[in-house]
Amino acid sequence: MNKLIGKLKSTGTLSKSEFIELIGCDKKTAEKLRKTAEAIRDEYYGHGIFIRGLIEFSNYCRQDCLYCGIRRSNKDCSRYRLTEDEILSCCKEGYALGFRTFVLQGGEDPYFNDDRMSAIIDMIKSEFPDCALTLSLGEKSYDSYKRFFDAGADRYLLRHETANAAHYARLHPASQTFENRKNCLYDLKKIGYQVGCGFMVGSPYQTAETLADDLLFISELKPQMVGIGPFIHHSETPFRDFPDGTLEQTLLLLSIIRIMLPAVLLPATTALATIHPKGRELGILAGANVVMPNLSPLGVRKNYQLYDNKVCTGDESAQCRLCLEKRMEAIGFHIVTGRGDPRQTPNNTKE
Ligand code: 5AD
Ligand code: FES
């Protein structure tokens with residue numbers, strides 16, 4: 001096992017069978033991976049934690065992912081979309097709280113067509129030129145992605161969900177394919193975005209083999225960001241009876257990903273905070289360096305329910321910011337205000 005960790009550290013990847021072996025490792029090896037990941041994170045980012053202000057601006061979605069609470073078929077979900085003014089007020093509030101990255105996240109809502117999206121991007125970038133803007137709007141055409149980039153968007157998050165095509169087909173309706181997801185991610189990279197992929201840990205039908213495919217895909221794509229969190233069931237989806245992903249496996253994968261991509265921007269996610277009261281802190285201690293508190297207006301937060309029991313839906317943005325600061329300080333870390341761009345390394349520079 002030590003040899004595997006050494007190889008992962010020096011080459012950034014492993015063979016599929018080696019990844020499978022590492023994913024099945026015992027607690028002692030998991031702790032070694034954690035320590036290695038921490039040391040790498042410290043070398044690249046120290047104890048500074050980047051913050052991103054998340055604005056969930058629409059929960060309308062034309063897609064029907066089987067795991068997701070805002071899927072089209074969930075008739076129980078009460079739908080909302082924020083106005084341009086509401087989005088701008090979230091940014092203003094966030095700016096005053098020290099956020100210099102905003103993440104616009106929404107379902108695939110046709111109302112926000114390219115013209116409307118470009119206008120919003122332009123509005124935010126004109127008002128806050130010193131901020132980075134991240135989009136998370138799902139699958140779009142190359143031309144749409146290019147328009148948003150030209151309008152000023154800097155980063156794009158699109159989790160690949162699983163890099164195993166057969167597994168992908170069990171998590172999505174037939175109209176959604178891994179092939180298309182992958183093409184979207186490569187389009188985004190080609191256009192020049194800082195790109196984030198990612199997956200849920202413990203999603204239904206996931207195995208060590210599909211996880212190894214995820215890691216191989218990540219080592220091939222070389223994204224600047226990777227978002228991973230546990231799968232958490234949602235009671236109004238077909239996966240309501242599947243067990244949630246575990247804390248231990250999520251932490252293990254965070255550490256492996258940090259070792260693979262030393263400069264990666266790696267969030268300790270809200271889903272991780274939802275399955276364990278100290279989830280975010282443990283994520284940081286496993287190698288993460290980003291947290292993404294919610295800036296959405298209080299009135300809509302409960303409706304952006306991708307999974308059951310999501311934390312932080314009842315707290316003001318300022319409260320969340322303060323709470324996170326205290327939580328980070330309690331484990332010897334501090335929040336960094338600034339855009340929080342990735343460190344440049346031979347691995348993550350644009351080709
Ligand atoms: N549990 C955990 N994460 C989920 N996501 C969607 N549904 C769930 C769930 N039930 C994740 C997906 C998506 C991201 C926005 O949220 O990975 O890409
Ligand atoms: Fe939201 Fe603490 S981070 S209440």
Side-chain angles (χ1 to χ4, degrees), residues 34 37-56 94 97-105 131-136 153-159 193-201 218 221-230 250-251 253-274 276 278-296 310-312 317 320-345 347-348:
R34 193 192 68 74
E38 264 209 303
I40 295 173
R41 193 271 327 283
D42 288 354
E43 184 187 334
Y44 280 74
Y45 294 105
H47 277 197
I49 301 297
F50 295 143
I51 49 172
R52 317 311 194 185
L54 184 65
I55 303 169
E56 298 156 334
L97 291 169
F99 289 93
R100 293 297 177 269
T101 290
F102 302 118
V103 182
L104 285 183
Q105 183 171 93
C131 292
L133 184 58
T134 306
L135 302 179
S136 181
D154 304 276
R155 308 184 183 131
Y156 204 103
L157 302 176
L158 181 69
R159 290 189 176 182
Y193 283 95
Q194 291 175 22
V195 173
C197 67
F199 56 92
M200 293 173 289
V201 177
I218 289 171
L221 178 70
K222 296 193 175 38
Q224 284 84 6
M225 308 168 277
V226 176
I228 67 165
T250 308
L251 298 177
L253 284 151
L254 283 171
S255 297
I256 292 176
I257 291 164
R258 168 63 64 202
I259 300 169
M260 287 171 64
L261 298 172
V264 75
L265 296 165
L266 194 62
T269 56
T270 306
L272 192 54
T274 299
H276 189 281
K278 288 266 183 290
R280 249 183 307 233
E281 290 88 329
L282 291 166
I284 299 294
L285 296 172
N289 71 322
V290 175
V291 288
M292 300 172 63
N294 205 316
L295 287 181
S296 311
K310 185 173 159 198
V311 294
C312 298
S317 302
C320 262
R321 168 74 172 77
L322 194 68
C323 150
L324 269 183
E325 193 165 300
K326 284 195 192 136
R327 282 170 180 263
M328 293 302 116
E329 278 167 9
I331 54 168
F333 288 74
H334 58 274
I335 281 174
V336 175
T337 49
R339 283 176 42 121
D341 287 304
R343 284 265 315 265
Q344 293 299 318
T345 68
N347 255 347
N348 75 0

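In this chain, numbering begins with 1 at the start of the sequence shown. Keep in mind it's a predicted model, so treat the numbers as computed, not measured.
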Q. Taking only residues two or more places apart in sequence or in another chain, which ones pass side-chain hydrogen bond (donor to acceptor under 3.5 Å, both in side chains) with Ser317?
A. Arg301
Q.
Closer than 4.0 angstrom, basic N to acidic O: yes or no for Glu56 and Lys310?
A. yes
Q. Which pair of non-hydrogen atoms, one from Arg280 and one from Cys312, has the smallest distance, and what is that distance?
A. NH2-SG, 3.7 Å
Q) Taking the side chain as C-beta and beyond, is there a heavy-atom pair between Phe99 and Cys131 under 4.5 Å? A) no
Donor-acceptor pairs are to be reported for all side-chain atoms of residues 281-289 against protein atoms at under 3.5 Å, with residues two or more places apart or in another chain.
unit_1	atom_1	unit_2	atom_2	d
Glu281	OE2	Arg327	NH1	3.1
Asn289	OD1	Arg258	NH2	3.1
Asn289	OD1	Leu266	N	2.9

**Q.** Heavy-atom closest contact (Ile218 atom, Cys197 atom, distance)
**A.** CG1-SG, 3.9 Å
Q. Which residues satisfy the salt bridge (charged side-chain N to carboxylate O under 4.0 Å, His left out) test with Arg52, sequence neighbours excluded?
A. none
Q: State which residues pass salt bridge (charged side-chain N to carboxylate O under 4.0 Å, His left out) with Arg155; sequence neighbours excluded, sorted by chain then number.
A: Asp341
Q. Which heavy-atom pair separates Val336 from Ile51 by the least distance, and what is that distance?
A. O-CG1, 4.0 Å
Q) Does Phe50 offer a backbone N or O that forms a donor-acceptor pair with the side chain of Tyr45 under 3.5 Å? A) no
**Q.** Tyr44 side chain reached by Pro342 side chain, heavy atoms, under 4.5 Å
**A.** no
(Q) What verdict does the side-chain contact (heavy atoms from CB on, under 4.5 Å) test give for Leu254 and Leu272, after you've listed the backbone C-alpha separation in whole Å, the side-chain angles of each residue and the deciding distance to 0.1 Å? (A) CA-CA 11 Å; Leu254 283 171; Leu272 192 54; 4.0 Å; yes
Q) Between Pro267 and Val226, which heavy-atom pair has the shortest distance, and what is it? A) CD-O, 3.1 Å
Q | Electrostatic pair Arg41-Glu38, nearest N-O below 4.0 angstrom | A | yes
Q | Results of ring-ring contact (aromatic ring centres under 6.0 Å, His included) for His47 - residues two or more places apart only | A | Phe333
Q) If we only count heavy atoms from C-beta on, is the Leu157 to Leu135 side-chain gap below 4.5 Å? A) no
Q) Are any of the side-chain heavy atoms of Val195 and Gln224 separated by less than 4.5 Å? A) yes
Q: Could you grab the distance from atom CD1 of Ile331 to atom CE of Met328, nearest 0.5 Å is fine?
A: 4.5 Å
Q) Which pair of non-hydrogen atoms, one from Gln194 and one from Met225, has the smallest distance, and what is that distance? A) O-CE, 3.1 Å
Q | Pairwise side-chain hydrogen bond (donor to acceptor under 3.5 Å, both in side chains) hits with a residue in residues 259-272, at least two apart | A | none
Q: Please lay out, stage by stage, how Thr134 and Asp154 fare under the test side-chain contact (heavy atoms from CB on, under 4.5 Å).
A: CA-CA 6 Å; Thr134 306; Asp154 304 276; over 6 Å; no
Q. Where is the tightest heavy-atom contact between Pro230 and Ala271, given as atom of each residue plus distance?
A. CG-O, 3.6 Å
